[in-house]
2 protein chains.
Amino acid sequence: MQLDHVFGALSDATRRAIVMRLCDGEASVGELAKPFEMALPSLMKHIRILESSGLVASEKTGRVRMCSLRTEALATVEVWLAAQREIWEQRLDRLEMYVEKLKKEKKSNARKRKSK
Amino acid sequence: MQLDHVFGALSDATRRAIVMRLCDGEASVGELAKPFEMALPSLMKHIRILESSGLVASEKTGRVRMCSLRTEALATVEVWLAAQREIWEQRLDRLEMYVEKLKKEKKSNARKRKSK
DNA sequence: TGATTGGTTAGCCATAAAGCTAACTATAGT
DNA sequence: ACTATAGTTAGCTTTATGGCTAACCAATCA
């Protein structure tokens with residue numbers, strides 16, 4: 001399961017809505033389709049995309065296919081984002097130090113200028 | 001800034017690489033382009049997409065455009081994911097309770113069967 | 001001022017995405 | 001057996017995406 005596909009899957013409002021719906025418990029394709037003004041085949045495509053991204057699993061029993069969330073994929077994305085933010089925050093810390101340094105230099109410049 | 005666009009922006013490996021590079025500090029368009037075997041205009045498109053998603057900001061001074069990260073967007077996505085996961089975990093808790101219930105029922109059925 | 005550098009615009013192409021309808025399969029209910 | 005239900009397949013359209021080249025500004029630098 002790749003980041004590309006998970007992010008791609010979540011970049012569509014319909015699919016995010018499906019994910020949100022599935023957070024609330026399993027659902028059949030038909031149940032998932034109800035809230036949307038969309039032909040079934042179109043919705044099925046979304047479900048397939050969600051499946052191939054690893055976000056959703058489904059199993060057919062009889063004539064109904066039940067879909068459920070696989071949260072490992074969600075977790076993967078969270079991990080990636082958190083990692084980026086961490087690096088960023090470290091960088092902000094360094095920036096802060098740099099700004100402090102600049103302030104000090106400014107002060108010393110001011111002193112120099114005064115004393116000139 | 002909408003979730004659609006942020007997820008969409010992050011669904012491309014090139015753009016994620018740019019974001020990762022920018023975690024490490026500001027960079028000009030040229031600097032960003034170097035690691036990629038890609039014509040400049042193509043890379044510029046990615047930068048624009050990142051900008052319109054709110055993930056990146058840029059400012060042109062002289063003839064060079066500096067790009068930087070705007071982490072609010074990253075945070076937005078993290079919040080969304082965390083919210084989904086929370087709902088999901090609550091659901092798992094409920095599921096666990098349900099499974100416990102099933103177990104008990106099974107036991108009582110077993111007892112019934114034995115006593116039959 | 002003339003050449004170089006750094007970015008931008010315009011326009012093209014191939015492929016993928018998101019939707020549709022119509023026709024089909026397979027299970028369940030009567 | 002017949003009909004209704006639940007998905008599925010196939011095939012079409014429109015629009016978006018990701019890439020390219022070529023030509024074009026606009027700042028520096030020599």
Side-chain angles (χ1 to χ4, degrees), chain A residues 1-22 25-70 73 77, chain B residues 1-22 25-70 73 77:
Chain A
M1 183 244 353
Q2 284 138 288
L3 232 32
D4 274 51
H5 294 132
V6 184
F7 277 121
L10 292 175
S11 71
D12 182 278
T14 301
R15 289 193 291 264
R16 281 203 306 285
I18 293 176
V19 166
M20 288 162 76
R21 169 59 246 278
L22 288 180
E26 297 198 332
S28 68
V29 171
E31 281 172 320
L32 288 175
K34 265 178 205 159
F36 301 100
E37 292 180 359
M38 195 182 287
L40 245 201
S42 312
L43 199 112
M44 275 299 297
K45 269 195 196 172
H46 286 300
I47 292 177
R48 291 233 190 76
I49 290 171
L50 285 167
E51 274 198 85
S52 74
S53 80
L55 278 165
V56 163
S58 78
E59 205 183 351
K60 195 164 180 178
T61 40
R63 66 184 167 179
V64 23
R65 174 177 298 282
M66 290 303 272
C67 303
S68 60
L69 259 199
R70 312 232 80 254
V77 178
Chain B
M1 181 245 352
Q2 285 136 285
L3 232 32
D4 273 49
H5 294 132
V6 184
F7 276 121
L10 292 174
S11 72
D12 181 278
T14 301
R15 290 194 290 265
R16 280 201 308 283
I18 293 176
V19 166
M20 287 162 78
R21 169 58 247 279
L22 289 180
E26 297 198 333
S28 68
V29 171
E31 282 173 319
L32 288 177
K34 263 178 207 161
F36 300 99
E37 293 181 359
M38 196 183 284
L40 245 200
S42 311
L43 198 110
M44 276 298 296
K45 268 195 196 172
H46 286 300
I47 293 178
R48 293 237 187 74
I49 289 171
L50 285 167
E51 274 198 83
S52 75
S53 80
L55 278 164
V56 163
S58 78
E59 204 182 353
K60 196 165 181 178
T61 40
R63 67 183 166 180
V64 25
R65 173 178 298 281
M66 290 302 273
C67 304
S68 59
L69 259 198
R70 313 231 81 255
V77 179

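FYI, side chains are in, hydrogens and waters are out, and symmetry mates aren't considered; it's all heavy atoms of this structure. Computed from a prediction, not measured in an experiment: that's the story for all the values here.
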B:M38 atom CE is separated from D:dC20 atom P, nearest whole Å, by 6 Å

Heavy-atom closest pair (A:R16 atom, A:S11 atom, distance to 0.1 Å) is NH1-C, 3.8 Å

Taken to the nearest whole Å, NZ/A:K34 to C1'/D:dT5 is 12 Å

**Prompt:** Run the side-chain contact (heavy atoms from CB on, under 4.5 Å) check on B:D12 and A:D4 step by step: do they pass?
**Reply:** CA-CA 6 Å; B:D12 181 278; A:D4 274 51; 5.6 Å; no

Taken to the nearest whole Å, CG/B:L40 to P/C:dG11 is 20 Å

When rounded to whole Å, the CG to C1' distance for the pair B:L43 and D:dT17 reads 15 Å

Closest non-hydrogen atoms of A:L55 and A:A9, given as atom of the first, atom of the second and distance, are CD1-CB, 3.9 Å

Check: D:dG19 base within 3.5 Å donor-acceptor of B:K45 side chain
yes

Ranking A:A39 and B:K60 by the position along DNA chain C of their nearest nucleotide, the one closer to 5' is B:K60

When you measure from the side chain of A:R15 to the backbone of A:H46, do you find a donor-acceptor pair of N or O atoms at a distance under 3.5 Å? no

Exercise. Report yes if at least one side-chain N or O of A:S42 is closer than 4.0 Å to OP1 or OP2 of C:dC20; otherwise report no.
Key: yes

When rounded to whole Å, the CD1 to P distance for the pair B:I47 and D:dG18 reads 14 Å

Out of C:dG19, D:dG19, C:dG6, minimum distance to the side chain of B:V64 belongs to C:dG6

When rounded to whole Å, the CD1 to C1' distance for the pair A:I49 and C:dA17 reads 7 Å

B:H5 NE2 to D:dA16 C1', in whole Å, measures 11 Å

| task | Check whether any side-chain N or O of B:R48 sits under 4.0 Å from OP1 or OP2 of C:dT9, and answer yes or no. | result | yes

DNA chain C nearest-nucleotide lookup for A:S11 and A:T61: closer to the 5′ end is A:S11

Separation of C:dA18 atom P from A:M44 atom CE, nearest Å, is 15 Å

Does B:R63 have a side-chain nitrogen or oxygen under 4.0 Å from the phosphate oxygens OP1 or OP2 of C:dT8? no

**Message:** Tell me if the CZ atom of B:R65 is crowded by more than 12 foreign heavy atoms within 6.0 Å.
**Reply:** yes

Q) Given D:dT17, is OP1 or OP2 found less than 4.0 Å from the side-chain N or O atoms of B:H46? A) no

